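This report concerns only the one structure given below.
Since the model is a prediction, treat every value here as computed from it, not as a measurement.
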Amino acid sequence: MKKIISFLCLSMITVCLTAQNSEDFKSYRNRTKENFNRYKLQKETDFSAYRKERNKEFAVYLEKRWEDFVIFAEKKRPERKEPVKPMFYEKEPDGITRKPTELPKPDVEPLRRIKNNPVEIPVPEKLDDEKEQNINYVTFSLYGTECSLKLRTPDNITLTDGNLTEAEVAKCWKNLSEEQYSISISQFLMKKKELNLCDWAYLKMIEKAARKQYSSYNMQVVYMAYMMTQSGYDVKLAKSGMKLHLLIHPDSQVYQLSYLNIGNKNYYIVTPYESGTPLQTYPLDFSENLAPVGMAIVGYPKFGGNPKLNSVSYVSDKWKIIAPFNVSVNPDVMSFLKEYPQCDWTVYARSEFSNEFKEQVLPHFKRITDGLTQQEAVSLLLDYVQFGFAYKTDQEQFGYEKPFFVDENFFYPYNDCEDRSILFCTLVKEILHLDTVFLHYPQHLAAAVCFTENVNGDFILVDNRKYVVCDPTYIGAPIGKSMPQYQNVTAKVIR
């Protein structure tokens, strides 16, 4: 709709230029503005009418008997049998230099780019005084951030936990689709923008608001499903006995959650569910334009009221090249990330990082790499990631596989090969603006850098471009040295 409005504005400006000769420009401009506002209001009214009609149709659809679906057990994230101790590079004997090796031709897989939610929801006009009486401020805490939203009072909607039928769910959906609830949708979307929330954080915000407004668990789930759907996300309701569940269709593999496959799309159960319990839901989507829930963090969340309270959790004293520096992190964001669903490591590789990282880490390395050659600068960054952190496998540290978002490297006391490779590639790209790829092996993750100057060492060719191996977990290994056990193994290249 924004594109349509922008085009209309340009058209009106063109007409204005020709109208100056026949009438007063100011009066013409005012009339044009009024026409444009009427057009904009009409578009928003049309959208509201479409949404209301679609919700009415969907409520009728929900009344029908829901179908049984096969439930797939949660997938465990593949466990990497990484070494308990990192591998240390042994220098070659004097006079013996190993010839650089071209690694086997790789399987290349793109690191899928992040797409923004394509659905645009117009912000509704201000409500009149009579409707305003049914609006209350709902206050709750979201990871250390106090949120106060102007939401529709849920006085006429009930769904008892002991009387769960398709008809009762449909009735609640229809009541939620009343015009006055549109202000709730706009409030959620505006708060999402204000706090820079990713899709998962947005869902958690709606969950907090639902719990604050409803005592009935089933009504909380209906409310979450309704608000997510109206916000443009592909979610569904399901029921097992007298209990409702929320299903989401994410854009990436999610582990440790049971799921259903509906229309060749995986829907994961994100509310408490007893494994093995039969589940019923509906096959059709609310709209074919719904977007999957993005699991990568697009824009870093602004949690916590006072950034100055961030605690210093990392000191680079393990790295002896330069004087130690400190990094502080936001503990509220760390709490959010700790509860994040387990995803494929590529989700962490394509997620964004915090302002703390931008303001504390990147400027520091930009200063100390200034004036160095590409090889010298990458060598310094590689040495930092190899020696600046203590190593432990995820199984040792957490008891399960947990890749890190970039900032988590500066919060937890240990990291492993995935964490180091993602951090290293981030530093190289952000500071030196060089292209990087990940070298994904069955039990290991390394990296490679595409230099624009001649650099020797083990390399891999991707689209006829030379990427030189840099392994942040091969401690002490310089640029161009790959672990011996992987020199003849075909890597999957993720870029």
Side-chain angles (χ1 to χ4, degrees), residues 111 113-114 296-300 312-330 345-346 348-389 403-411 415 417-439 445-457 459-460 462 465-481 493-495:
L111 187 66
R113 296 299 101 190
I114 300 169
I297 294 181
V298 185
Y300 214 72
V312 173
S313 63
Y314 172 84
V315 181
S316 66
D317 52 1
K318 295 179 182 63
W319 192 44
K320 305 302 182 182
I321 300 296
I322 63 170
F325 63 93
N326 300 337
V327 179
S328 61
V329 297
N330 185 325
W345 69 268
T346 57
Y348 305 83
R350 59 191 172 93
S351 291
E352 295 190 20
F353 37 81
S354 69
N355 285 330
E356 287 86 357
F357 181 80
K358 294 176 184 177
E359 294 169 0
Q360 299 175 56
V361 180
L362 295 183
H364 179 80
F365 282 103
K366 284 179 180 178
R367 285 193 299 270
I368 63 176
T369 57
D370 186 40
L372 301 181
T373 65
Q374 289 180 2
Q375 183 170 357
E376 290 170 338
V378 171
S379 181
L380 186 143
L381 295 176
L382 181 61
D383 189 84
Y384 164 65
V385 180
Q386 289 175 348
F387 291 98
F389 302 88
F404 283 167
F405 293 99
V406 166
D407 287 78
E408 290 182 292
N409 286 287
F410 303 97
F411 182 72
N415 61 16
C417 68
E418 288 176 329
D419 312 322
R420 293 179 178 216
S421 292
I422 293 171
L423 175 60
F424 171 73
C425 287
T426 300
L427 291 171
V428 171
K429 287 186 291 187
E430 293 296 322
I431 295 170
L432 306 176
H433 309 292
L434 295 177
D435 191 23
T436 65
V437 295
F438 295 101
L439 305 180
L445 187 68
V449 178
C450 183
F451 294 89
T452 60
E453 59 188 37
N454 185 42
V455 175
N456 292 322
F459 66 97
I460 196 164
V462 181
R465 299 177 68 195
K466 178 182 174 182
Y467 288 79
V468 182
V469 173
C470 298
D471 194 334
T473 316
Y474 193 10
I475 309 302
I479 294 172
K481 297 295 182 182
V493 170
I494 312 293
R495 59 176 181 176

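- Considering only residues two or more places apart in sequence or on other chains, A349 meets the side-chain contact (heavy atoms from CB on, under 4.5 Å) condition with L111, W345, I422, F438.
- Not a single donor-acceptor pair under 3.5 Å links the side chain of S351 to the backbone N or O of A296.
- Nearest approach of N456 to V468, heavy atoms of both residues: O-CG1, 4.1 Å.
- The two atoms that bring C450 and R465 nearest to each other are SG-NH2, 3.4 Å, heavy atoms only.
- Applying the side chain to side chain donor-acceptor pair (under 3.5 Å) test to every pair with at least one member in residues 421-430, sequence neighbours left out, gives no pairs at all.
- Counting only distance, with no hydrogens or angles, the side chain of N409 and the backbone of V406 share a donor-acceptor pair below 3.5 Å.
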Enumerate, atom names and distances included, each donor-acceptor pair closer than 3.5 Å involving a side-chain atom of residues 358-365, sequence neighbours excluded.
unit_1 : atom_1 : unit_2 : atom_2 : d
Q360   : OE1    : S328   : N      : 2.8
Q360   : OE1    : S328   : OG     : 3.4
Q360   : NE2    : S328   : O      : 3.3
Q360   : NE2    : S328   : OG     : 3.1

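- Between the CG atom in L432 and the OG1 atom in T373 there is a gap of 10.0 Å [rounded to 0.5 Å].
- In this structure, CZ in F411 is found 10.0 Å from CZ in F404, a value given to the nearest 0.5 Å.
- Of all heavy-atom pairs between V315 and P324, the closest is CG1-CB, 4.0 Å.
- Considering all non-hydrogen atoms of both residues, V437 and C425 come closest at O-SG, 4.2 Å.
- Neither side chain, Y348 nor D419, offers a donor N or O lying under 3.5 Å from an acceptor on the other.
- Distance check: F387 CZ to K318 NZ gives 13.5 Å after rounding to the nearest 0.5 Å.
- Taking CG of N326 as the start and CG of D317 as the end, the distance is 9.0 Å to the nearest 0.5 Å.
- Contact between R420 and I475 at its shortest, heavy atoms only, is NH1-CD1, 3.4 Å.
- The line from CD of E376 to CD1 of I479 is 9.5 Å long, rounded to the nearest 0.5 Å.
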Verify side-chain contact (heavy atoms from CB on, under 4.5 Å) between V378 and C470, making sure each step is shown before the conclusion.
CA-CA 9 Å; V378 171; C470 298; 4.1 Å; yes
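- E356 places no side-chain N or O within donor-acceptor distance of the main-chain N or O of V329, the cut-off being under 3.5 Å.
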Using side-chain contact (heavy atoms from CB on, under 4.5 Å), reason through V493 and Y467 one step at a time and then give a plain yes or no.
CA-CA 11 Å; V493 170; Y467 288 79; over 6 Å; no
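- Not a single donor-acceptor pair under 3.5 Å links the side chain of S316 to the backbone N or O of G388.
- Closest non-hydrogen pair, L445 versus E418, comes out as CD2-CA, 3.8 Å.
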Please lay out, stage by stage, how Y474 and V469 fare under the test side-chain contact (heavy atoms from CB on, under 4.5 Å).
CA-CA 11 Å; Y474 193 10; V469 173; over 6 Å; no
Carefully, step by step, assess Q374 and V455 under the rule side-chain contact (heavy atoms from CB on, under 4.5 Å).
CA-CA 9 Å; Q374 289 180 2; V455 175; 5.8 Å; no
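- Put simply, the side chain of L423 does not reach to within 4.5 Å of the side chain of F353, judged on heavy atoms.
- Here F389 and Y384 bring their ring centres to under 6.0 angstrom of each other.
- With rounding to the nearest 0.5 angstrom, the CG atom of D383 is 4.5 Å from the CD1 atom of I321.
- If you run side-chain contact (heavy atoms from CB on, under 4.5 Å) between P472 and each of V385, L427, L381, only V385 comes through.
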